[in-house]
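Structure first, commentary second.
Lettering follows sequence order; numbering is per chain, from 1.
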2 protein chains.
Amino acid sequence: MANQIESLFQALADPTRRAVVEHLAQGPASVGTLHAPHAMALPTFLRHLKVLEDSGLVQSRKAGRVRTVQLRPGALAAAEDWLAAQRTVWDRRLDRLQTLAEHIELNDPTPE
Amino acid sequence: MANQIESLFQALADPTRRAVVEHLAQGPASVGTLHAPHAMALPTFLRHLKVLEDSGLVQSRKAGRVRTVQLRPGALAAAEDWLAAQRTVWDRRLDRLQTLAEHIELNDPTPE
DNA sequence: GATTTGGTTAGCCATAAGGCTAAGCAATCA
DNA sequence: TGATTGCTTAGCCTTATGGCTAACCAAATC
């Protein structure tokens, strides 16, 4: 599951792949359709799709000679959870600092 | 600020860097402290810190010979927002499909 | 049944990313 | 002031990543 997060962020780190995710948020699409707006060779694009699929963000199946790709519901959850978790701890800490500052006028948060 | 998202996900794509973020969520720390749990040479580790700092996730300043690093509040927001946005469109779509399915008995969208 | 179409596989190339050692430098400490 | 500590810089190496072309295969089409 830690490896899940790994490949998730990895997959989302590339602009082409994020664009594909955004496109797919509107609904499933064929490889060709997804490829069209991207100025790169199909094989190159296909590898991006593979990364997305390996990360679990996307799934696809082939009907005839057309492969249709769609988002996998819930796939973003892991990433969102991680981010939320960080922010939670963090915010709580900032609250504490804030409280502290109100007491001792710490206007230059020199740490540790 | 699309480039913001870019470097954000990029920064979070590496396990060492995510670990540093998790560590820093507990509070600011010196370079040495942050480095300790990681089995890699300091210079290597320093470059991870640089990536984090360049992405805006982290900031640091030097007092004497010690550099202290801390999280930048709100830095994760862009990433969270992007994820939330995708999920929103997506979920709405799935709702529509659900509705559709109730009408026409589309009971197996199972791919793979 | 030949040709197009949509995707796939294989292989090559250049750059980026992540790792290392060695050496340097400024602030402390003995 | 000399040694130690905490980082920093420079440079090198290896692998991963993102891009390409060429050739191929199977499903539609003509």
Any protein N or O atoms within reach of nucleotides 25-30 of chain C? Criterion: under 3.5 Å, listing atom names and distances.
unit_1 : atom_1 : unit_2 : atom_2 : d
C:dA27 : N3     : B:R65  : NH1    : 3.1

* Positive for side chain to side chain contact (heavy atoms under 4.5 Å, CB included) with A:L71, one of A:L57, A:L76, A:V21 -> A:V21

* Asked: Got a sec, which residues hit ring pair (Phe, Tyr, Trp, His ring centres under 6.0 Å) with B:H35, two or more places apart in sequence or on another chain?
  -> B:F45

* Whole Å only: how far is the NE2 atom of B:H35 from the P atom of D:dC7? -> 10 Å

* Asked: How many angstroms lie between OG in B:S30 and CZ in B:R67, if you round to the nearest 0.5 Å?
  -> 11.5 Å

* For the pair made of CG in A:L49 and C1' in C:dT8, what is the distance, rounded to whole Å? -> 12 Å

* Structure fact -> Here the distance between atom P of C:dG7 and atom NZ of A:K50, to the nearest Å, is 17 Å

Measure all distances between protein nitrogen or oxygen atoms and nitrogen or oxygen atoms of nucleotides 14-20 of chain D, and list the pairs falling under 3.5 Å.
unit_1 : atom_1 : unit_2 : atom_2 : d
D:dG18 : OP1    : A:R17  : NH2    : 3.4
D:dG18 : OP2    : A:R17  : NH1    : 3.2
D:dG18 : N7     : A:R47  : NH2    : 2.6
D:dG19 : OP2    : A:H48  : NE2    : 2.5
D:dG19 : N7     : A:R47  : NH2    : 3.2
D:dG19 : O6     : A:R47  : NH1    : 3.2
D:dC20 : OP2    : A:A41  : N      : 2.7
D:dC20 : OP2    : A:T44  : OG1    : 3.0

* Asked: Looking at residues at least two apart in the chain, or sitting in another chain, which of them share a side chain to side chain donor-acceptor pair (under 3.5 Å) with A:D81?
  -> none

* Asked: Could you state the NZ-C1' distance from A:K62 to C:dT9, rounded to the nearest angstrom?
  -> 12 Å

* To do: Whole angstrom is fine here: how far is it from CZ in B:R67 over to C1' in D:dT5?
  => 16 Å

* What is the distance, rounded to the nearest whole Å, between atom CZ of A:R61 and atom P of C:dG7? -> 14 Å

* **With sequence neighbours excluded, residues passing salt bridge (charged side-chain N to carboxylate O under 4.0 Å, His left out) with A:K62** => none

* **Partner set under salt bridge (charged side-chain N to carboxylate O under 4.0 Å, His left out) for B:R87, not counting sequence neighbours** => A:E80, B:D91

* Give, for atom CD of A:E53 and atom CZ of A:R47, the distance between the pair rounded to the nearest 0.5 Å. => 15.5 Å

* **Spacing of CG belonging to B:L52 relative to NE2 belonging to B:H48, to within rounding of 0.5 Å** => 9.0 Å

* For the pair made of CD in A:E6 and C1' in C:dG18, what is the distance, rounded to whole Å? -> 13 Å

